[in-house]
Protein chains: 2
Amino acid sequence: MKQAVTLKDLARELNIATSTVSRALKDNPEISAVTRARVKKLAKELNYEPNALALSLRHSKTNTIGVILPELVHFFFSTVISGIEDIAYSNGYNIIICQSNENIDREILDSKALFNHRVDGILACVSKNTNHYDHFIAIQDKGIPIVFFDRDVPIDASKILSNDFEGGYNATKHLIESGKTNLIHLSGPEGLMLSEQRTRGFVQAHRDLGIPFSREKILRCGDGDVEESFKIIQNALQKGMKFDGIFAVNDIAAVGALQALQAAHISVPQEVAIIGYSDWQFSSFISPTLTTIKQNGNDMGKKAAELLLEEIHSKDTFIEPKSITLPTEIILRGTTLNK
Amino acid sequence: MKQAVTLKDLARELNIATSTVSRALKDNPEISAVTRARVKKLAKELNYEPNALALSLRHSKTNTIGVILPELVHFFFSTVISGIEDIAYSNGYNIIICQSNENIDREILDSKALFNHRVDGILACVSKNTNHYDHFIAIQDKGIPIVFFDRDVPIDASKILSNDFEGGYNATKHLIESGKTNLIHLSGPEGLMLSEQRTRGFVQAHRDLGIPFSREKILRCGDGDVEESFKIIQNALQKGMKFDGIFAVNDIAAVGALQALQAAHISVPQEVAIIGYSDWQFSSFISPTLTTIKQNGNDMGKKAAELLLEEIHSKDTFIEPKSITLPTEIILRGTTLNK
DNA sequence: TTTATTATCGCAATCGGTTGCATAATCATA
DNA sequence: TATGATTATGCAACCGATTGCGATAATAAA
């Protein structure tokens, strides 16, 4: 098996020192034009490529950023990665991706692995069950910047979040303004700040618009698959629960709710309106099309990567952590009555 | 800013040689129990983590595999990555991901970057417009194994493909057996072997089942977004084209077709049946639910990663390239008449 | 007491590059 | 011709770890 060609190989072949070869390849003016030409010619011939490992070790710089996220098979996250990848690529960085599978133990191992690979920085979205943060703080302490995205954490670091309170608020407001006043909310898992913010928005909109509200209107829906919300709504209907609008914590839950309503021959949006969250790709495909709150994942990824690069490039000087909250956008479609 | 702690730091602190520290940490019996204990204690205290870069350079082994694929925001590919990540993780490997954005120039740069990072192997799905393969061959020649997935390439290397011919054949056969005999096919981009195989299956099924076939029945649909296929079908209808079944090269195109039919008040599946390809997540959400050919992306990712690891681990001894073709599965749903 | 043996540990090369400094060669000038 | 300036190149340390081999000291055997 062939080995990759090294500086040393070129040097031996040309009978000069490796330092000369190195300088020649970088157009160092101290090297004579003749030597430079000879070196470059041979390098082309042998298809020489510098060993990034050696460079990284020498410069203590890998030009790599690590990404930790809960799941890859997730429309929103895949758009975030795509945004990250764009920015990283155009700045000459590579990305190493780890998926924690919503598991803190895995997340800890991943963060260690990234540190050991000496990534120049880390972008992280913590898993749902992450309840302590030592593993991240330890890495920060070693001087590696971390930017968190999508899910908030009680750490002194830069963050790119979505305005989940606003999203929940506007979703609820839209339902109310379109004439629905008896709303229920399929909420996300407890402890996940993001879903709690959406729920807060749901509650606050009731207050501000003078609509009565009670705790029973919040139905917890932790897993986030279609079947779960289907059963929850089916169950609610069987119990005789009355409502004319549903705010679901995400589009998946919204679809389950929609299917449960359709199975019970309840018309959407006439009898019950539905609004989801995230604008998954399918939301414009289903029938009726799904009104939803859009988060721009690509933007989030780009902003997060930009912020991280900024911190990486000014590694020495202390940088005040920034917290950016991205606005949400309501996408009006068929599952709500739009005046 | 703090620097990461190195072996040398430990050695200086304890006033012993770095080699001793190194051996102590690896439980080398040549080191006395006392010294070993002291070293380990300090390592814990200072939170020592070995520098993976240095190890990689020393051992010429990065425990990293590179992945090149056309797009991240794509349900099928995200499942593939997830499968790759699973296998890689459980074998102690990290993955570096590059998306080519269906662009060969970007693909070439990515492959070089991965080589320069001295990944132990590469998993690649070439972009649609890749028409030469020197960049991959050059890397193979340097002794780095490459396994291709999903899209076939004229290179002597291991491949994990999906049986696209079979998928196209079975899709078509299903339409015909459910009583539809005047079929059209929304085909994928020219030159992409995968879509040509599906088209071949479409044609062959006509032959085998004695259904007349003509070239006009194949409508090219290159981009793969909903709008494109919507327009194509709308256009076909306006021209008075007659058909009672559609085989779409993927679910996205199928959705566009479905919407065009619904807009024209043509009932699905009664008047026209539709079958898609890939079983995107939304396919079970839309109405009617979409019959489709399922490719197991997760399996493909796992198989590809396993095969690559196998080749990595037997790097020295020559390995005969394997070509694995994964079976497809037809998922019967609402857009076809199922007897 | 001398030699052999063993337990412990350090030296130095290595992986593939980079870079400060020294050195040799060439040239110009006094 | 000797000296200073300039040009082109090599030496060697370094990044952070590993590892073969040799060194040292302590212990055991003769």
Starting the side chain at C-beta, find the nucleotide from dT19(C), dG17(C), dG10(D) nearest to N51(A). dG17(C)
Select from S22(A) and E30(A) the residue whose nearest nucleotide in DNA chain C is closer to the 5' end of that strand. S22(A)
Would you classify L57(A) as touching base, sugar-phosphate or nothing, given that sugar-phosphate means primed atoms plus P, OP1 and OP2, and contacts are heavy atoms under 4.0 Å? base
If you assign S32(B) and K26(A) each to the DNA chain C nucleotide with the nearest heavy atom, which residue ends up on the more 5' nucleotide? S32(B)
Over how many whole Å does the gap from L10(A) atom CG to dG17(C) atom P extend? 8 Å
R58(A) CZ to dT14(C) P, straight-line distance once rounded to whole Å: 18 Å
Atom pair distance, as rounded to whole Å: CG in L53(A) and C1' in dC14(D): 17 Å
Atom pair distance, as rounded to whole Å: CG in L55(B) and P in dC15(D): 16 Å
Without decimals, in angstroms, what is the distance between L7(A) CG and dG10(D) C1'? 15 Å
OP1 or OP2 of dG10(C) versus the side-chain N and O atoms of T18(B): is any pair under 4.0 Å? no
Under a 4.0 Å N-O cut-off, is there an ion pair linking K142(A) with E49(B)? no
Remember a base hit wins even if backbone is also touched, and classify I16(A) as base, sugar-phosphate or nothing at under 4.0 Å, heavy atoms. sugar-phosphate
Should the side chain of S19(B) and the base of dC11(C) be counted as holding a donor-acceptor pair, with the cut-off at 3.5 Å? yes
Taking the six-membered ring where the residue is Trp, are the ring centres of F75(B) and F75(A) under 6.0 Å apart? no
Could you walk me through whether T35(A) and S32(A) pass side-chain hydrogen bond (donor to acceptor under 3.5 Å, both in side chains), step by step? CA-CA 5 Å; T35(A) 309; S32(A) 69; 2.8 Å; yes
Are the side chains of I324(B) and L161(B) in contact, using a 4.5 Å heavy-atom criterion? no
Going by an N to O cut-off under 4.0 Å, is there a salt bridge joining K302(A) and E306(A)? no
May I have the distance from D9(A) (atom CG) to dG16(C) (atom P), rounded to whole angstrom? 8 Å
Spacing between N28(B) atom CG and dA17(D) atom P, to the nearest angstrom: 17 Å
Write down the distance between NZ (K8(B)) and P (dA17(D)), rounded to a whole number of angstrom. 9 Å
Check: dG20(D) base within 3.5 Å donor-acceptor of R23(B) side chain: yes
What does S56(A) touch in the nucleic acid at a heavy-atom separation under 4.0 angstrom: a base, only the sugar-phosphate, or nothing? nothing
